[in-house]
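These notes concern the structure reproduced below.
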There are 2 protein chains.
Amino acid sequence: MATLLKLQMNENLFLRDPQDTDLGRKIVHHSIQLIDELGLEAFTFKKLSVLIGSTEASIYRYFENKHKTLVYLITWYWTWLEYRIDFEINNIQDPFERLERAIMLITEKKGYDHSFPDVDETALQRIVINEADKTYLTKQVDDDNKYGLFKGYKTLCNRIADIVSEVNPDYPYAHSLVSTCLQAAHQQVFFANHLPSLTDHAGSVEEVYKRNFMFIHELVTKAIQK
Amino acid sequence: MATLLKLQMNENLFLRDPQDTDLGRKIVHHSIQLIDELGLEAFTFKKLSVLIGSTEASIYRYFENKHKTLVYLITWYWTWLEYRIDFEINNIQDPFERLERAIMLITEKKGYDHSFPDVDETALQRIVINEADKTYLTKQVDDDNKYGLFKGYKTLCNRIADIVSEVNPDYPYAHSLVSTCLQAAHQQVFFANHLPSLTDHAGSVEEVYKRNFMFIHELVTKAIQK
DNA sequence: CACAAAATGATAGTAATACTATCACATAGG
DNA sequence: CCTATGTGATAGTATTACTATCATTTTGTG
């Protein structure tokens with residue numbers, strides 16, 4: 001039986017902490033379900049309120065708007081991913097092996113994590129694939145950044161860039177390389193599903209993920225080779 | 001004096017060809033200006049119609065909705081970029097040099113091209129940086145793809161992937177590598193402007209673009225090295 | 001257990017958005 | 001000249017993205 005855990009989230013992501021109440025947890029759980037099902041554009045607080053048998057007004061007490069809700073969910077995912085990387089490479093000494101494990105974790109298909117019963121990580125990974133870029137591709141990106149809304153992503157990126165620098169301290173593009181690979185990790189899956197001529201990954205879902213791991217692993221390895 | 005040119009666009013991108021009439025050209029010209037200024041979310045046909053002294057109804061006769069308008073503009077950019085690559089590498093024999101020129105063209109900051117007087121390529125490049133991913137990150141991506149709306153992007157990607165394969169026919173991820181680099185080419189600029197801890201590119205605008213060229217050039221070169 | 005405080009629900013209302021429809025007017029080409 | 005096409009003017013609708021108010025329920029604390 002897994003230990004129940006709670007990830008610490010930046011307070012500017014919400015008005016009332018959704019992890020603290022029944023309604024809050026319902027909002028998180030069902031917004032994942034509904035964004036996955038409808039996509040961000042068709043997702044509304046009205047539809048969500050009907051789904052969970054509550055009201056728009058109540059949901060607005062937790063999240064300022066649907067954009068902040070998305071940023072919250074996506075940030076939760078990055079924070080969770082960083083936690084999993086930390087956990088897994090904790091007692092590995094060899095920097096290169098640490099890097100390999102990290103690449104494995106960012107490129108693998110996610111399953112349900114029993115430590116977080118309200119979050120369907122499989123659905124959330126699909127949301128990351130389809131919607132994550134929309135968190136920052138807005139006119140308010142600088143404001144949002146000022147309030148620390150992207151700290152989860154930046155911390156994750158820096159964490160992995162540090163490992164890159166452990167392997168090769170002279171490689172000058174560690175951050176660019178990692179942010180590029182984090183992007184490719186989900187973008188290539190999207191392309192394999194919808195615009196297959198933009199990738200070389202084909203076959204079953206498992207094969208796509210496996211091939212994507214090999215592509216990114218090789219890309220990173222060669223890029224930072226001394 | 002430059003020759004005036006017209007890029008052939010997929011007919012499913014519009015209801016009436018905006019390149020054929022005064023109003024159409026005004027719509028293209030000012031939608032670039034307005035999306036650049038307001039961002040896609042705040043851009044509306046109402047605001048555009050006021051700006052060009054026309055009406056919403058008239059604009060709807062050219063484009064089905066603002067999403068299609070964006071796809072049209074972004075596709076125009078990819079088509080233009082491919083034309084420029086073709087033009088520039090036309091009489092270069094060495095595959096590696098052809099590839100280098102292509103990477104230069106996808107990563108360089110764009111200036112105004114007098115062959116297309118209605119299009120402000122500098123503003124359009126900013127739109128590509130901020131909004132391009134939104135063309136396909138939607139629930140209707142498969143429908144849109146069926147109607148050929150992404151052909152411009154796919155053709156460009158394949159064109160460059162072919163050059164990659166000329167340099168190294170055994171590299172198995174030519175398409176993935178190119179789509180990843182096309183993405184990085186604008187994403188890294190966005191990060192340098194708004195989320196600088198996600199890149200290693202800093203300094204003046206010119207330095208950011210130059211460093212990004214070097215990053216991507218090195219990434220590709222090492223990736224496809226035999 | 002009582003009571004105050006906090007959370008939720010019910011309801012209403014508003015400005016803006018994303019369209020669609022209709023009809024009149026302009027004009028451009030054959 | 002006259003017809004077809006394009007454009008403008010105007011109106012209307014359902015939905016969205018909120019905000020506000022007040023009643024009711026739940027909860028934590030003394």
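Numbers restart at 1 for each chain; the letters A, B, ... are given by sequence-line order, proteins then strands. Note that the coordinates shown come from a computational prediction; the quantities given were computed from them, not determined experimentally.
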Quiz item: Can you pull the ring pair (Phe, Tyr, Trp, His ring centres under 6.0 Å) pairs that have at least one residue in residues 119-146 of chain B, sequence neighbours excluded?
Solution: Phe190(A)-Tyr136(B), Phe191(A)-Tyr136(B)
Quiz item: Within this structure, what is the CG-to-C1' distance between Asp20(B) and dT7(D), rounded to whole angstrom?
Solution: 16 Å
Quiz prompt | Given dC18(D), dC19(C), dT7(D), the nucleotide with the shortest approach to the side chain of Thr21(B) | solution = dT7(D)
Quiz item: Any side-chain N or O of Tyr62(A) under 4.0 Å from OP1/OP2 of dA7(C)?
Solution: no
Quiz prompt | Pairs meeting criterion salt bridge (charged side-chain N to carboxylate O under 4.0 Å, His left out) with involvement of residues 72-84 of chain B, two or more places apart | solution = Arg84(B)-Glu108(B)
Quiz item: CG of Asp22(B) versus P of dA26(C): gap in Å, rounded?
Solution: 18 Å
Self-check item: Lys66(B) atom NZ, over 12 foreign heavy atoms within 6.0 Å
Solution: yes
Short heteroatom pairs, N/O only, protein and nucleotides 8-15 of chain D, under 3.5 Å:
| unit_1 | atom_1 | unit_2 | atom_2 | d |
| --- | --- | --- | --- | --- |
| dG8(D) | OP2 | Ser54(B) | OG | 2.5 |
| dG8(D) | OP2 | Ser58(B) | OG | 3.1 |
| dG8(D) | N7 | Arg61(B) | NH1 | 3.3 |
| dG8(D) | O6 | Arg61(B) | NH2 | 2.9 |

Self-check item: Pairs touching residues 35-47 of chain B that satisfy side chain to side chain donor-acceptor pair (under 3.5 Å), sequence neighbours left out
Solution: Asp36(B)-Arg126(B), Glu41(B)-Lys134(B)
Practice problem: Tell me what Tyr60(B) touches on the nucleic acid: a base, only sugar-phosphate, or nothing, going by heavy atoms under 4.0 Å. | Solution: base
Quiz item: Atom CG of Leu15(B) and atom P of dG6(D): how far apart are they, to the nearest Å?
Solution: 12 Å
Quiz item: With a 3.5 Å cut-off and no angle check, do the side chains of Tyr173(B) and Thr180(B) form a donor-acceptor pair?
Solution: no
Self-check item: Separation of dT8(C) P from Leu48(A) CG (nearest whole Å)
Solution: 14 Å
Quiz prompt | Interatomic distance, Phe45(A) CZ vs dG9(C) P [rounded to whole Å] | solution = 15 Å
Quiz prompt | Gln187(B) side chain to Asp133(B) side chain, donor-acceptor N/O pair below 3.5 angstrom | solution = no
Exercise. Round to a whole Å and report the spacing from CG of Leu40(A) to C1' of dT16(D).
Key: 13 Å
Quiz item: Under 4.0 angstrom, heavy atoms only, what part of the nucleic acid is Lys66(B) near: base, sugar-phosphate, or nothing?
Solution: sugar-phosphate
Exercise. Starting at atom CD of Gln19(A), determine the distance to atom C1' of dA7(C), rounded to an integer number of angstrom.
Key: 18 Å
Practice problem: Scan for side chain to side chain donor-acceptor pair (under 3.5 Å) pairs involving residues 23-33 of chain B, sequence neighbours excluded, and state none if there are none. | Solution: Asp22(B)-Arg25(B)
Quiz prompt | Side chains of Gln188(A) and Ser176(B), donor plus acceptor under 3.5 Å | solution = yes
Quiz item: Are more than 12 heavy atoms from other residues, nucleotides or ligands located less than 6.0 Å from atom OH of Tyr147(B)?
Solution: no
Practice problem: For Phe63(A), answer base if it contacts any base atom (sugar-phosphate contacts may also be present), sugar-phosphate if it contacts only those atoms, and nothing otherwise; contact means non-hydrogen atoms under 4.0 Å. | Solution: nothing
Quiz item: Hey, is the side chain of Arg16(A) poking within less than 4.0 Å of OP1 or OP2 on dA6(C), counting only N and O atoms?
Solution: no
Quiz prompt | Gap between atoms CD1 and C1', on Ile27(A) and dG9(C) respectively (whole Å) | solution = 13 Å
Quiz item: To the nearest 10 degrees, what angle separates the axes at the start and end of the helix from dC1(C)-dG30(D) to dG30(C)-dC1(D), five pairs each?
Solution: 20°
